[in-house]
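To start, the structure under review is shown below, and the notes come after it.
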Amino acid sequence: MNVLLVYPAPPPSAWPKGAFRSRWIPSGLACIATVLRRGGHQVKIHLCEETLELNQYNRAAARAALQAQMREFRPELVGLSLVTSGVPEGAIVAEDAKTLLGPQTLVVAGGPHPTALVSSY
Ligand code: B12
């Protein structure tokens, strides 16, 4: 199965002192990608912050770049890793996945925000 793992970018307001882009690989998504690859799946990781930087922080251009990757890779499952501040962009990514790839596309959200919500019930 083709799996696209996406780390939506928190908005600039979530960052202290206006510093926006940090250079890091989310270890949670890296763990999941490793397990899936060992299971024989094709996995790509898309870091929205990186795409934003490559597109001079133009959100529309960064969104178009992720849409292009969806059209080319045709993932059957899109996994989102969400901190709370990344939820608004995560909703946009989920909507794009369903619109571009079809309603049968699985969209799964994980990470600190969903974990906190589940454990609060
Ligand atoms: C290390 C860390 C960082 C590092 C990350 C380093 C790295 N390489 O990953 C740095 C310093 C960069 C960082 C930055 C920030 N962090 Co931080 N960070 C942590 C910390 C201490 C550990 C995270 C971690 O690596 N866990 C280990 C990995 C393996 O676990 P994981 O990422 O949670 O992933 C697992 C599950 O969540 C799940 N999962 C994750 N993604 C997905 C996706 C799918 C589809 C599925 C099914 C499952 C799944 O599976 C993974 C494997 O078990 C947590 C606190 C904590 N105890 O979790 C805070 C924490 C995640 N950070 C937090 C915050 C707020 C931030 C910042 C927004 C702070 C800021 N204002 O700058 C930024 C966000 C950066 C960004 N771009 O999003 C909050 C998030 C709170 C919230 N409500 O969402 C936390 C929970 C701390 C807290 N209690 O406040 N952080």
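Quick note: numbers below take in every heavy atom, side chains included, and nothing from hydrogens, waters or symmetry partners. Please read these numbers as outputs of a predicted model, since none were measured by experiment.
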Run the side-chain contact (heavy atoms from CB on, under 4.5 Å) check on Met70 and His46 step by step: do they pass? CA-CA 10 Å; Met70 287 181 184; His46 185 106; over 6 Å; no

Full working for side-chain contact (heavy atoms from CB on, under 4.5 Å) between Arg63 and Gln67: CA-CA 6 Å; Arg63 182 177 178 181; Gln67 289 173 338; 3.6 Å; yes

Is there a path of hydrophobic side-chain contacts, each under 4.5 Å between heavy atoms of I, L, V, M, F, W or Y residues, that connects [X] with [Y]?
{"X": "Val87", "Y": "Leu5", "answer": "no"}
{"X": "Tyr7", "Y": "Ile92", "answer": "no"}
{"X": "Leu100", "Y": "Leu80", "answer": "yes"}
{"X": "Val6", "Y": "Tyr57", "answer": "no"}
{"X": "Leu106", "Y": "Ile45", "answer": "yes"}

Ignoring hydrogens and angles, tell me if any N or O in the side chain of [X] forms a donor-acceptor pair with the backbone of [Y] under 3.5 Å.
{"X": "Glu76", "Y": "Met1", "answer": "no"}
{"X": "Lys98", "Y": "Pro103", "answer": "yes"}
{"X": "Arg74", "Y": "Asn2", "answer": "no"}

Between [atom1] on residue [X] and [atom2] on residue [Y], distance to nearest 0.5 Å:
{"X": "Asn55", "Y": "Glu50", "atom1": "CG", "atom2": "CD", "answer": "11.0 Å"}
{"X": "Leu29", "Y": "Leu47", "atom1": "CG", "atom2": "CG", "answer": "7.5 Å"}
{"X": "Cys31", "Y": "Leu36", "atom1": "SG", "atom2": "CG", "answer": "11.0 Å"}

State which residue, out of Asp96, Val93, Val78, Thr51, fulfils the side-chain contact (heavy atoms from CB on, under 4.5 Å) condition with Leu66.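 Result: among Asp96, Val93, Val78, Thr51, Val93 is the only option passing the side-chain contact (heavy atoms from CB on, under 4.5 Å) with Leu66.
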
Is the count of non-hydrogen atoms from other residues, nucleotides or ligands lying under 6.0 Å from Gln104 atom CD greater than 12?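 Yes, CD of Gln104 has more than 12 neighbouring heavy atoms, counting only those of other groups under 6.0 Å.
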
